[in-house]
Asks: 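To start, I am sharing the structure in question, which I have written as structure tokens.
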Amino acid sequence: MSKYTKEEILRIVDEEDVRFIKLQFTDMYGMPKNVNLPIGQLDRALSGQVVFDGSSIEGFIRKDEDDMLLHPDMNTFEVFPVRGRDGATARFICDIYQSDGQAFEGDPRYVLKKVINKARERGIYFGIKPELEFFLFNCDDAGNPTTNNPEVASYFDMSTLDFGEGIRNEMVIFLEEMGYKVESSHHETSPGQHEIDFEEKNCLDCSDALATSKILIKMIARRSGMHATFMPKPKEGVNGSGLHISMSMYNAKGENMFSSVNGEYGLSEDAYAFMSGILSHIYGMSLILNPLVNSYKRILPGYDAPVDISWSAGTNRGSFMRIPSFNKENIFIELRSPDPSCNPYLALALILAAGLDGLENRKEKLEEGVSMGSLPKNLGEAIEAYKKDEFIKSVLGETIYNKYLEAKIHEWDGYKKQVTPWEVQEYLYKY
């Protein structure tokens, strides 16, 4: 059942003086896109009659099949708390349909919804709690972003050192006004680095929240004369930014399927099977979870980021997966390798599908602390691993799988051709 009826939406639009409607969606990379409509087009939007040119969107469709339809999800209607001079703007997150009325398999949201439906058929429901990290940097006199920030704050420092606390608090207020419940926020380890932690939500709502939060965080930073970036490793010598994902799994009665009062560490056999499924596919999944050349500058020893394909109980943050809580009635599993540049819809689709694969096929249980090897060391390794795991194609579908692979090969080839400042400094005078 939708959170809002059409009548309720029309009433809110009138009460809030909404003048524009944004129809929001994401491309293959998770980059936010939208079609902006004057309020007089609301009925047409709610009827799913808004057409856009899919051939212009990365990873969508061929030029001879370019007409795509935006179908608003009524549950995602919200009024933006940032008001312009001409009134308020509201938004819907949309599903993408082809002109023949079929759901478009290249829509990342559709990929995730297929995995969610598969889980529901088994009576399984997931709760997701993301921890979103990002940097705040100064802009230059022309308004262009830099990597400069004069603060020296570190983990959990207070406002005397954390110059960005006021901006971060404003971000939290706006996120909550958009309906996204924030559990906490704080300064992270590196100067200029921040984290916002969200309350548990279902998979689809979590992905919608992440997609929208990155828009709002950048918007609030810009209003304050700063630049917010979700680039995984914008500066060398400091910790990069992650997108830690904590997962719980429930049955139809709302019981935590990961928990067992008699199990070691409080883990059920379902929990071990779920973890084994993810661990068996994580090497190939890394191209989606860590999608940039820059992503692999973060995944290095000594920077509080995972390197080993292993799981741990407790505080070992070098493992890809850990069990941070020993409350045997409320066990959850934390994944530490994803970074905030990933497409949240595709990342969660693969993570949950891999866990379900573990439940279905009862893959070999991996003991705590035992490594299956290392995560990919660079984008090239991630590409090769992605190509070798047919499971990934079965989840993403042919359209996204092939177009994503093609784009990442192009990105890696472009990077390999570059002569970097480090090479010039290291070799120019020596040789």
Side-chain angles (χ1 to χ4, degrees), residues 22-35 48 50 52-62 65-66 68-73 75-76 91-98 102-119 126 128 130 132 180 201-215 230 243 245 247 281 284-292 295 335 338-356 382 386 389 391-408 411:
K22 286 184 179 293
L23 301 184
Q24 179 184 323
F25 59 101
T26 64
D27 68 9
M28 179 175 68
Y29 301 124
M31 299 301 293
K33 306 290 181 180
N34 81 100
V35 174
V50 175
F52 74 101
D53 180 6
S55 67
S56 300
I57 305 299
E58 193 68 50
F60 266 29
I61 207 157
R62 301 189 303 270
E65 300 175 342
D66 54 0
M68 312 289 284
L69 295 167
L70 293 168
H71 283 214
D73 183 337
N75 286 317
T76 66
R91 78 90 205 265
F92 294 92
I93 295 176
C94 297
D95 296 309
I96 311 300
Y97 279 73
Q98 299 176 133
Q102 298 296 310
F104 175 48
E105 71 163 18
D107 176 10
R109 202 167 187 261
Y110 172 68
V111 173
L112 177 58
K113 289 170 80 171
K114 285 196 301 181
V115 177
I116 293 170
N117 290 336
K118 182 178 180 181
F126 292 104
I128 308 293
L132 181 62
Y180 301 130
K201 303 176 79 71
N202 67 56
C203 312
L204 189 62
D205 286 350
C206 174
S207 294
D208 288 342
L210 287 170
T212 301
S213 295
K214 291 199 278 188
I215 300 170
F230 300 98
L243 174 62
I245 295 174
M247 302 177 295
H281 292 295
M285 287 161 46
S286 291
L287 189 63
I288 298 293
L289 274 55
N290 309 107
L292 307 181
S295 296
L335 274 59
D339 71 55
S341 68
C342 73
N343 183 326
Y345 298 101
L346 298 183
L348 278 177
L350 279 175
I351 290 166
L352 300 179
L356 291 173
Y386 177 91
D389 194 340
F391 169 80
I392 295 172
K393 183 186 292 186
S394 71
V395 177
L396 298 182
E398 292 276 351
T399 298
I400 287 182
Y401 177 87
N402 290 327
K403 289 183 178 293
Y404 196 91
L405 178 60
E406 178 183 341
K408 290 300 162 181
E411 181 178 343

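This chain uses plain numbering: 1 for the first residue, then up along the sequence.
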Asks: Just jot down the side chain to side chain contact (heavy atoms under 4.5 Å, CB included) partners of P72, sequence neighbours excluded, or say none.
Replies: L23, F92, C94
Asks: Enter the distance from C342:SG to I288:CD1 here, rounded to the nearest 0.5 Å.
Replies: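 Interatomic distance, C342 SG to I288 CD1, rounded to 0.5 Å: 9.0 Å.
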Asks: List for me each residue that meets ring-ring contact (aromatic ring centres under 6.0 Å, His included) alongside Y180, sequence neighbours excluded, and say none if there are none.
Replies: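 So Y180 forms no ring-ring contact (aromatic ring centres under 6.0 Å, His included) with any residue.
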Asks: Output, in order, the C-alpha distance, side-chain angles, deciding distance and verdict of side-chain contact (heavy atoms from CB on, under 4.5 Å) for L405 and Y386.
Replies: CA-CA 8 Å; L405 178 60; Y386 177 91; 3.8 Å; yes
Asks: Which heavy atom in A209 sits nearest to a heavy atom in S213, and how many Å separate them?
Replies: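 The answer is O-OG, 2.6 Å.
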Asks: Of the non-hydrogen atoms in C206 and P130, which two are nearest, and what is the gap between them?
Replies: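 The pair with the smallest heavy-atom distance is SG-CG, 3.6 Å.
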Asks: Can you name the residues that form a side chain to side chain contact (heavy atoms under 4.5 Å, CB included) with I116, not counting sequence neighbours?
Replies: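 Only L112, R120, C203, L204 meet the side chain to side chain contact (heavy atoms under 4.5 Å, CB included) criterion with I116.
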Asks: Please name the pair of heavy atoms, one in P32 and one in I215, separated by the smallest distance, quoted to 0.1 Å.
Replies: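 The answer is CB-CD1, 3.5 Å.
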Asks: Identify each donor-acceptor pair in which a side-chain atom of residues 346-356 lies under 3.5 Å from a protein atom, sequence neighbours left out, and give them as a table.
Replies:
none

Asks: Mind checking what makes side chain to side chain contact (heavy atoms under 4.5 Å, CB included) contact with K114, not counting sequence neighbours?
Replies: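 With neighbours one apart ignored, the set is Y110.
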Asks: Once rounded to the nearest 0.5 Å, what's the spacing between atom CD1 of I400 and atom CD1 of I392?
Replies: 13.0 Å
Asks: Mind running side-chain contact (heavy atoms from CB on, under 4.5 Å) on L243 and L210 for me, showing each step along the way?
Replies: CA-CA 10 Å; L243 174 62; L210 287 170; 4.0 Å; yes
Asks: Who are the side chain to side chain donor-acceptor pair (under 3.5 Å) partners of S295, not counting sequence neighbours?
Replies: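 S295: side chain to side chain donor-acceptor pair (under 3.5 Å) contacts with D339.
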Asks: Start with the C-alpha gap between N343 and M28, add the side-chain angles, then the distance that decides, and say whether side-chain contact (heavy atoms from CB on, under 4.5 Å) holds.
Replies: CA-CA 7 Å; N343 183 326; M28 179 175 68; 5.7 Å; no
Asks: Would you check if D389 and H281 make a side-chain contact, meaning some heavy-atom pair closer than 4.5 Å?
Replies: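 Contact flag for D389/H281 side chains = yes.
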Asks: Test T76 against Q24 for side-chain contact (heavy atoms from CB on, under 4.5 Å), laying out the working first.
Replies: CA-CA 10 Å; T76 66; Q24 179 184 323; over 6 Å; no
Asks: Got a sec, which residues hit salt bridge (charged side-chain N to carboxylate O under 4.0 Å, His left out) with K118, two or more places apart in sequence or on another chain?
Replies: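 In terms of salt bridge (charged side-chain N to carboxylate O under 4.0 Å, His left out), with neighbours along the sequence ignored, K118 is linked to E360.
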Asks: Under the side chain to side chain contact (heavy atoms under 4.5 Å, CB included) rule, collect the residues that match up with D95, sequence neighbours excluded.
Replies: Y97, D107, R109, K113
Asks: Only counting residues at least two apart or in another chain, list the ones meeting side chain to side chain donor-acceptor pair (under 3.5 Å) with Y404.
Replies: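 Per chain and number, Y404 pairs via side chain to side chain donor-acceptor pair (under 3.5 Å) with no residue.
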Asks: What residues form a side chain to side chain donor-acceptor pair (under 3.5 Å) with K408, not counting sequence neighbours?
Replies: E411
Asks: How would you list, by chain and number, every residue that makes a ring-ring contact (aromatic ring centres under 6.0 Å, His included) with F126, sequence neighbours excluded?
Replies: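 Scan of F126 (ring-ring contact (aromatic ring centres under 6.0 Å, His included), adjacent residues dropped) gives F274.
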Asks: Taking only residues two or more places apart in sequence or in another chain, which ones pass side chain to side chain donor-acceptor pair (under 3.5 Å) with K201?
Replies: none
Asks: What is the minimum heavy-atom distance between P340 and L132, and which atoms define it?
Replies: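 Shortest heavy-atom separation between P340 and L132 comes out as CB-CD1, 3.8 Å.
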Asks: Distance check, rounded to the nearest 0.5 Å: N34 atom CG versus F25 atom CZ?
Replies: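 N34 atom CG to F25 atom CZ measures 7.5 Å (nearest 0.5 Å).
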Asks: Can you tell me how far the CD1 atom of I96 sits from the NZ atom of K33, to the nearest 0.5 Å?
Replies: 12.0 Å
